[in-house]
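In what follows, a single structure is set out as structure tokens and then discussed.
Within every chain, numbering begins at 1; the chains are lettered A, B, ... in the order of the sequence lines, protein sequences first and strands thereafter.
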There are 2 protein chains.
Amino acid sequence: MAIRQKNDTGDLPLDVILDGDCVARMNALPENSVDLIFADPPYNLQLKGELHRPDNSKVDAVDDHWDRFNSFNSYDKFSREWLAAARRLLKPNGAIWVIGSYHNIFRVGSALQDAGFWILNDVVWRKSNPMPNFRGKRLTNAHETMIWAAKSDTAKYTFNYEALKALNEGVQMRSDWVLPICNGNERLKDDNGDKAHPTQKPESLLHRVLIGSTKPGDVVLDPFFGTGTTGAVAKRLGRHYIGIEREAAYRKVAEKRLAAIKRYDRDALEVSTSKRAEPRVAFGTLVERGLLRVGAELRSLNGRHKAKVRADGTLVAFDTKGSIHQVGAALEGAPSCNGWTYWTFKRSGDWVPIDLLRQQIRAEMAPA
Amino acid sequence: MAIRQKNDTGDLPLDVILDGDCVARMNALPENSVDLIFADPPYNLQLKGELHRPDNSKVDAVDDHWDRFNSFNSYDKFSREWLAAARRLLKPNGAIWVIGSYHNIFRVGSALQDAGFWILNDVVWRKSNPMPNFRGKRLTNAHETMIWAAKSDTAKYTFNYEALKALNEGVQMRSDWVLPICNGNERLKDDNGDKAHPTQKPESLLHRVLIGSTKPGDVVLDPFFGTGTTGAVAKRLGRHYIGIEREAAYRKVAEKRLAAIKRYDRDALEVSTSKRAEPRVAFGTLVERGLLRVGAELRSLNGRHKAKVRADGTLVAFDTKGSIHQVGAALEGAPSCNGWTYWTFKRSGDWVPIDLLRQQIRAEMAPA
DNA sequence: TTAGCATATGAATCTCCTC
DNA sequence: TGAGGAGATTCATATGCTA
């Protein structure tokens with residue numbers, strides 16, 4: 001039985017999943033009644049042919065009917081409509097999060113601004129394990145973008161600065177979040193053992209969103225509920241959720257998922273932290289950053305070999321080209337070589353290991 | 001004295017800084033003549049009263065009734081105008097990069113798509129040393145967004161995949177780039193010792209952009225040249241630059257900066273190339289040259305299949321005949337197959353890939 | 001039991017040349 | 001201009017099988 005909360009303009013059903021069209025559903029709810037909206041709308045990917053991995057396996061593309069739009073115009077119309085309904089529903093001090101990729105996020109961001117929302121941050125979800133670009137034709141698409149916006153430029157939105165700082169090992173939370181994609185046990189499966197939803201978001205992402213921008217007891221609405229990640233995290237964190245989902249199959253999975261979720265005890269909300277590994281530094285970074293000049297000469301530690309630095313961070317020595325490790329190994333006739341300790345460069349008259357420059361970069365990357 | 005390059009439609013001034021309005025300047029240059037455009041447009045969208053029209057006049061903001069819609073409208077008009085001029089100027093296989101923050105990037109991204117550009121990636125510049133958010137009211141704004149787009153969805157844009165992979169320690173380059181902001185010695189100062197430009201970009205950022213998406217000798221245009229970071233990196237990397245900058249003070253700093261830049265040695269500018277650039281070798285050549293005997297047996301790398309070499313350079317395996325690729329694909333039930341790496345032949349008791357023989361032929365073909 | 005190897009897969013706008 | 005053929009191309013995880 002759904003809890004109901006009395007509002008100025010009527011009743012708001014809480015902790016429920018509603019079916020049907022999200023615009024109609026939102027318009028049927030009382031205005032100015034929701035604290036936060038998290039929206040993961042269709043991305044309008046516009047995929048054409050099939051794509052195979054180098055091992056010839058086929059990539060399971062997002063080709064679902066709900067992601068197909070005829071044009072940017074029809075996608076913009078769709079965005080304006082659901083954003084208007086979302087805006088009506090939000091309390092004056094409420095906020096909205098929208099997630100997307102380069103296919104749609106510029107459209108959505110513009111529509112959001114046109115509707116009068118006030119952008120607070122754009123937040124980059126940097127995926128620690130994205131799918132690579134198999135054909136080597138573009139950069140690995142390794143991130144998605146979220147927009148966090150208040151209802152107006154004067155709204156007093158919720159921002160739990162200290163909680164996010166604590167989540168981030170005592171350092172102010174930045175606008176780029178490194179989190180793994182949703183897979184393994186967390187990834188919901190259907191009766192056939194296939195993924196229940198093509199684009200399930202990781203709970204860690206919603207955890208950070210809700211910890212940072214809601215209070216316990218707040219009402220969080222997700223108009224594109226899918227398999228209910230927003231609801232699951234909200235319930236666990238002691239927030240109320242309202243999900244809207246058109247597809248019966250997704251609703252069914254979400255209902256089952258949510259029934260099994262238990263709210264955290266307050267003391268369980270503390271986050272554990274882990275020691276971070278030494279960040280890896282690419283040799284090319286030294287070149288890009290100007291710490292090593294393109295064309296500079298490097299010498300081996302034993303003084304027997306030399307090489308020249310190229311613009312892409314590779315070395316050339318006589319007829320050998322490659323990474324600092326490859327060229328070192330080739331010149332020494334060795335199976336492998338740690339180029340960082342093998343090569344030296346000239347600084348103030350002395351030949352010193354290039355590893356010193358790596359340490360310098362790492363020092364800059366480290367938290368204060 | 002500026003170099004000039006003869007084009008179909010007229011002369012293109014190279015390695016120069018042009019003054020005046022960028023739209024008018026671009027429209028005065030020959031169409032389809034530029035390989036790459038890097039643009040860092042102004043985005044003072046929400047600094048009330050500081051919005052610039054294309055003619056550099058300021059929009060009069062009414063303090064109490066500031067009209068967001070009008071402001072976005074005039075910014076969009078500005079974006080459409082300079083993007084149209086940029087598009088005209090680009091070669092059909094040229095590309096554009098635009099950088100911005102959440103204040104303007106959604107507007108620019110939408111305008112870019114509306115103008116017909118085809119987005120290839122959005123790239124996040126993740127600042128390793130951003131300015132913190134002092135008031136603790138939002139997340140640290142620790143990144144900026146770049147959009148990389150081709151002139152059309154069928155364009156053959158330049159992408160030096162192997163060079164970027166080499167810059168990234170042998171791992172495919174991702175869409176998130178960690179680089180420090182421009183400060184220290186690199187940050188240009190004016191005569192008073194103040195920073196010469198408020199948003200000077202780091203050369204490392206441009207290094208990666210130009211290494212990844214241009215070739216030596218390409219023409220790179222920057223319509224918002226500022227103090228000339230694009231030109232500085234282009235010159236060093238052996239690319240031509242054209243800068244357009246309206247402010248005399250910035251031009252002056254840029255001129256001095258560029259005069260001091262020296263180009264890297266030519267051999268340092270060579271970057272790692274892909275196998276696609278290697279000369280093509282027909283499998284039949286191996287047979288003709290006697291490197292593989294007619295009737296010799298080949299085995300698949302996984303050991304599951306075998307085939308026999310025929311006199312015309314095709315293979316036969318049971319009822320399947322055809323090229324090394326076709327037979328491999330048929331036997332594996334795969335949509336395609338690279339026969340060079342799929343098939344092995346027996347040499348001195350070991351089964352080794354036939355690709356070794358191709359490499360042998362290529363070595364003989366290569367200049368000494 | 002476990003280490004090691006093979007296999008599976010994730011919001012993807014993913015080729016190019018010749019006839 | 002379209003069809004067909006050559007042949008280039010992947011990173012981080014999770015799971016399951018084998019020795």
Side-chain angles (χ1 to χ4, degrees), chain A residues 40-64 66-69 72 99-105 125 127-145 178 180-187 189 193-195 197-202 224 226, chain B residues 113 117-122 148-150 152-154 156-157 159 161-162 165 168-175 273-278 280-284 302 313-314 322-329 334-343 354-355 358:
Chain A
D40 182 9
Y43 287 9
N44 187 23
L45 287 187
Q46 307 170 67
L47 303 179
K48 286 166 187 156
E50 293 186 341
L51 179 64
H52 293 89
R53 298 186 182 80
D55 65 2
N56 272 320
S57 62
K58 185 166 168 280
V59 173
D60 185 14
V62 178
D63 53 4
D64 304 76
W66 46 256
D67 195 49
R68 286 199 283 269
F69 294 81
F72 282 130
I99 184 167
S101 66
Y102 67 83
H103 308 85
N104 72 321
I105 198 64
W125 168 27
K127 304 179 184 183
S128 55
N129 49 349
M131 187 165 77
N133 185 293
F134 296 116
R135 314 304 293 266
K137 303 312 288 183
R138 299 181 179 191
L139 302 165
T140 309
N141 199 355
H143 74 275
E144 294 188 25
T145 301
V178 180
I181 60 175
C182 180
N183 57 12
N185 274 335
E186 191 187 328
R187 189 86 195 207
K189 303 291 192 294
D194 299 323
K195 56 188 175 192
H197 192 283
T199 70
Q200 186 183 340
K201 296 293 175 290
F224 307 100
Chain B
Q113 290 177 309
F117 287 99
W118 188 248
I119 297 182
L120 299 168
N121 277 115
D122 61 334
W148 173 36
S152 75
D153 60 343
T154 54
K156 290 176 191 157
Y157 55 93
F159 181 49
Y161 175 76
E162 292 292 342
K165 188 172 173 178
N168 197 35
E169 293 265 282
V171 181
Q172 188 173 90
M173 184 70 82
R174 302 169 35 119
S175 58
T273 55
S274 95
K275 282 188 192 168
R276 282 182 249 261
E278 299 277 306
R280 189 168 281 210
V281 175
F283 177 72
N302 58 25
T314 59
S323 71
I324 52 173
H325 315 295
Q326 289 168 330
V327 174
S336 70
C337 171
N338 184 344
W340 290 109
T341 51
Y342 179 77
W343 294 109
I354 58 173
D355 204 31
R358 181 170 66 161

Report summary line: Checking N1-N3 plus N6-O4 or O6-N4 for Watson-Crick, or N1-O2 and O6-N3 for wobble, each under 3.5 Å, the partner of C:dC14 is none
Query - Identified pairing partner of D:dA8, criterion: Watson-Crick or G-U wobble below 3.5 Å - result: none
Report yes if at least one side-chain N or O of [X] is closer than 4.0 Å to OP1 or OP2 of [N]; otherwise report no.
X	N	answer
B:Asn338	D:dA8	yes
B:Tyr342	D:dA8	no
B:Lys165	D:dT10	yes
A:Arg68	C:dA11	no
A:Lys137	D:dT9	no
B:His325	D:dG7	yes
B:Arg358	D:dA8	yes
B:Ser323	D:dA6	yes
B:Tyr161	D:dT9	no

Over all strands shown, is [X] touching base, sugar-phosphate only, or nothing at heavy-atom distances under 4.0 angstrom?
X	value
A:Lys48	nothing
A:Asp60	sugar-phosphate
B:Asn121	nothing
B:Glu162	sugar-phosphate
A:Arg138	base
A:Gly49	base
A:Pro202	nothing
A:Pro130	base
B:Gln172	sugar-phosphate

[atom1] atoms of [N] and [M], separation to the nearest Å:
N	M	atom1	value
C:dA11	D:dT15	C1'	23 Å
D:dG7	C:dG10	C1'	26 Å
C:dT13	D:dA8	P	23 Å
C:dT1	D:dG16	C1'	16 Å

Expressed as a whole number of angstroms, how long is the span from [X]:[atom1] to [N]:[atom2]?
X	N	atom1	atom2	result
A:Asp55	C:dA8	CG	P	8 Å
A:His143	D:dC11	NE2	P	19 Å
A:Arg53	D:dG7	CZ	C1'	20 Å
B:Asn302	C:dA6	CG	P	11 Å
A:His197	C:dA11	NE2	P	11 Å
A:Asn141	D:dA12	CG	C1'	16 Å

Report task. Tell me, with the steps shown, if B:Gln326 and B:Thr314 meet side chain to side chain contact (heavy atoms under 4.5 Å, CB included). Result -> CA-CA 9 Å; B:Gln326 289 168 330; B:Thr314 59; over 6 Å; no
**Report entry** Results of side chain to side chain contact (heavy atoms under 4.5 Å, CB included) for B:Lys156 - residues two or more places apart only
**Finding:** B:Asn93
Would you mind telling me which of [options] lies closest to the side-chain atoms of [X]?
X	options	answer
A:Ser128	D:dT13, D:dA6, C:dT13	D:dT13
A:Glu144	C:dT9, C:dT13, C:dA11	C:dA11
A:Asn183	D:dA14, D:dG7, C:dC14	D:dA14

Requested in this report: Assign each of A:Lys201 and A:Pro132 to its nearest nucleotide of DNA chain C by heavy atoms, then name whichever residue's nucleotide is nearer the 5' end.
Outcome: A:Lys201
Query - Closest-nucleotide 5' rank along DNA chain C - winner of B:Leu120 and A:Cys182 - result: A:Cys182
Query raised in the report: Taking atom CG of A:Asp194 as the centre, does the number of heavy atoms from other residues, nucleotides or ligands within less than 6.0 Å exceed 12?
Result: yes
Taking [X] for the side chain and [Y] for the main chain, is one N or O donor matched with an acceptor at less than 3.5 Å?
X	Y	result
B:Arg174	A:Lys127	yes
A:Gln200	A:Glu186	yes
B:Asn168	B:Val171	yes
B:Ser175	A:Thr140	yes
B:Gln172	A:Asn133	yes
B:Trp343	B:Ile324	yes

Query raised in the report: Does the ring of A:Phe134 meet both stacking tests against the six-membered base ring of C:dC14: centre distance under 5.5 Å and plane angle under 30°?
Result: no
Requested in this report: Verify whether the ring centers belonging to A:Phe224 and A:Trp66 lie closer than 6.0 Å.
Outcome: no
Query - Sub-6.0 Å ring centroid separation between B:Trp148 and B:Phe159 - result: yes
Report task. Please tell me which of B:Val171 and B:Ile324 maps to the more 5' nucleotide of DNA chain D, matching each residue to the nucleotide holding its nearest heavy atom. Result -> B:Ile324
Report summary line: Assign each of A:Asn129 and A:Arg135 the nucleotide of DNA chain D bearing its closest heavy atom; nearer the 5' end lies the nucleotide of A:Arg135
Report task. For C:dT13, measure the glycosidic angle (O4'-C1'-N9-C4 for a purine, O4'-C1'-N1-C2 for a pyrimidine) and name it syn if it falls within 90° of 0, otherwise anti. Result -> syn
Query raised in the report: Does a distance-only test, which skips hydrogens and angles, find a donor-acceptor pair under 3.5 Å between the side chain of B:Ser336 and the base of D:dA6?
Result: no
Query raised in the report: So does A:Lys127 reach the base of C:dA11 with its side chain, donor to acceptor, closer than 3.5 Å?
Result: no
Listed pairs, N/O of protein and of nucleotides 15-19 of chain D, under 3.5 Å:
none

